> 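Let me begin by handing over the structure; questions about it come next.
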There are 2 protein chains.
Amino acid sequence: MGVASAMPETAEHWAEKIRAGDVRAIARAITAVENQNALADDLLKQLFPATGAAYLIGCTGAPGTGKSTLVDRLAARYRTAEHSVGIIAVDPTSPFTGGAILGDRIRMQGHAGDSAIFIRSVATRGFLGGLARGTADIALVLDAAGKHYILVETVGVGQDEVDIVRLADCTIVVLVPGMGDDIQSMKAGLMEIADIFVVNKSDREGADRLEQQVQAMLELAPERNGWKPRVIRTVATEDRGVLELTQAIADFRKHSDGSPARAAKKVEYWKRRLVERLEQQLLHRAIPGREGARRLDACAIEVAERRKDPFTAVQDLLRDAGL
Amino acid sequence: MGVASAMPETAEHWAEKIRAGDVRAIARAITAVENQNALADDLLKQLFPATGAAYLIGCTGAPGTGKSTLVDRLAARYRTAEHSVGIIAVDPTSPFTGGAILGDRIRMQGHAGDSAIFIRSVATRGFLGGLARGTADIALVLDAAGKHYILVETVGVGQDEVDIVRLADCTIVVLVPGMGDDIQSMKAGLMEIADIFVVNKSDREGADRLEQQVQAMLELAPERNGWKPRVIRTVATEDRGVLELTQAIADFRKHSDGSPARAAKKVEYWKRRLVERLEQQLLHRAIPGREGARRLDACAIEVAERRKDPFTAVQDLLRDAGL
């Protein structure tokens, strides 16, 4: 270790270790991606050709639906079948509460000693909606590391969460009995993203009614690419229904893999990512370093005080950056 | 009308009519801004120096909290005091339901014949989170038209809504009894944005407890710039508590107007807007017209099929655009 670790590591070497499944190299890569470390892009570029094989499952639902337990049980099922698993828990509220980080540690204990399972919480939201991008890049790292399944867990169905779920191959929406009103208000958003509905805590009163409501919603909704979303009842804490859920996921995978709709979704996804990255790069050119930040501040003050209009301000910034 | 309306209108002339409060000119301007019409930027540039005098009140809350009624009553109060009012109702879910547009018409009837009140619903979400930007530009139009108060009504506290609320001078969060669980999960987000809490439908059971919960939250939260958010009880349908709400808004306005924190918030807001606009302009240069869109599509396909990595793809796009 001593001498070698003092040497600067190349992206190539680092990527090699990740592809070999080295847990520490993976963990460092995720931290680098989250912090937008200077080497992160180089690393992702090295890793990219090795990606595309993992199956990414998005799991979303309101707080208190038992998503985390469900994701843990799902991961355990896949591990039993000798598949390697990565879990990304996205919790945009955790900067306030620290909840995700703590939960992370507690959860890791359950899978302690199993190097084929990797759990990471994401909680940072960048200046420009970086939550979805960060999560996608972490998924790329886990994909390159050879994880068979990547489970991404998000809270709610806000725009950030929908963006994250858009990158998933299969999307699970978790509901629990006693949320009737929320379903009404979330209906449109949910119907658009769910490939599978899970009624968790289905031993509770109201589970039948909830399942009926979801089925009624599905009757009204147009079929998407020949798939009618399944409704699976689970009691995640007792591992009930989890096997059925893996079966529903397998069915959906069989249905969609290689389909034109799936290919089109992937192209659409990458189009968005390329646009994001283009914007980011161009912005760095337009607002270069400290000097650029200083010019931006000065312009914002002039505009706020109505001494300059925002259109002229943007033209001035572009001209000053030689663009 | 005949001959004059066939002539192309200049942005200068259009802006003049808006500043004079011409309702049709205002309505056309808002449509132009929403559709990102070619003349919209020119028009906004003309209008900009005439903006900055309106007081912008953001009002947010979950569906079913009675926000719209509250905003209507608030508008009526301001009208009684001879102030002119603009209302922007933002409903990102309405493309699915058409609800906003219908509600719009119903609401307009209540203020029919009052040309000093202007109501407009915004429902389109652009490719790149254009909801907040569109709303801000509509607010500029109403500001230039001399509206004293602009009321912006949004659903929920997702990122889009928070961005919209960030542009407000004063932010009202509307709660109703019987939402206890939601408050817990939304706590952090709410505390961050609310200058005033409204407990609406306060004649319902649970109003006391809700008010206590909010007060307890406020006890724990750090004071922001010397202001402790107020909690106002209303029954909007009966116009109860609305006068008290206008008083709380006036108090907050007195507290924050001219304060360094307020000035800093405005500069921060314009910084974000300038960055957005820079990105948009640069993106148009990087992906020019149909040819640019075709190149982007081709790159996205190559990346989705792992024939090219996204980093190289972005470099290629920049090079092809001569950037």
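Everything numeric in this text was worked out from a predicted model, so none of it was measured. Protein chains get the first letters and strands the later ones, always in sequence-line order, with residue 1 at the start of each. Only heavy atoms go into these numbers, but all of them, side chains included; no hydrogens, no water, no symmetry mates.
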> Between A:Cys299 and B:Leu274, which heavy-atom pair has the shortest distance, and what is it?
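Closest approach of A:Cys299 to B:Leu274: CB-CD1, 3.8 Å.
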
> Yes or no on side-chain contact (heavy atoms from CB on, under 4.5 Å) for B:Thr51 and A:Arg306, after CA distance, side-chain angles and deciding distance?
CA-CA 8 Å; B:Thr51 63; A:Arg306 261 63 181 179; 3.0 Å; yes

> Would you find more than 12 non-hydrogen atoms of other residues, nucleotides or ligands less than 6.0 Å from B:Glu205 atom CD?
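Not more than 12 within 6.0 Å, no.
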
> So which residue, A:Lys266, A:Glu305, A:Arg285, A:Lys45, ends up with the most heavy-atom pairs under 4.5 Å with chain B?
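When all of A:Lys266, A:Glu305, A:Arg285, A:Lys45 are compared, A:Lys45 has the most.
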
> Table please: side-chain donor-acceptor pairs of residues 286-298 of chain A below 3.5 Å, with sequence neighbours left out.
unit_1	atom_1	unit_2	atom_2	d
A:Glu291	OE1	A:Arg294	NE	3.4
A:Glu291	OE2	A:Arg294	NH2	3.1
A:Asp297	OD1	B:Lys271	NZ	2.9

> Supply the atom-to-atom distance B:Leu283 CG to A:Glu276 CD, rounded to the nearest 0.5 angstrom.
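Answer for the CG-CD pair, B:Leu283 versus A:Glu276, is 11.0 Å.
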
> Do the non-hydrogen side-chain atoms of A:Phe48 and B:Val303 ever get within less than 4.5 Å of each other?
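Yes. Closest side-chain heavy atoms under 4.5 Å.
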
> Closest approach of A:Val267 and B:Ala304, non-hydrogen atoms and distance?
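Scanning both residues, the minimum pair turns out to be CG2-CB, 4.0 Å.
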
> Indicate every side-chain donor-acceptor pair of residues 312-323 of chain B with a distance under 3.5 Å to a residue at least two apart or in another chain.
unit_1	atom_1	unit_2	atom_2	d
B:Thr312	OG1	B:Asp309	OD1	3.3
B:Thr312	OG1	B:Asp309	OD2	2.7
B:Asp316	OD1	B:Arg319	NH1	3.3
B:Asp316	OD2	B:Lys308	NZ	2.7

> Which distance, rounded to the nearest 0.5 Å, do you find between the CD of B:Glu268 and the CD1 of A:Ile301?
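The distance works out to 10.5 Å.
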
> Side chains of B:Phe311 and A:Arg277: closer than 4.5 Å at any heavy-atom pair?
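The answer is yes; the side chains approach within 4.5 Å.
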
> Which region of B:Arg273, side chain (C-beta onward) or backbone (N, CA, C, O), has a non-hydrogen atom less than 4.5 Å from a non-hydrogen atom of chain A, or is it both or neither?
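When you check distances to chain A, no heavy atom of B:Arg273 falls under 4.5 Å.
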
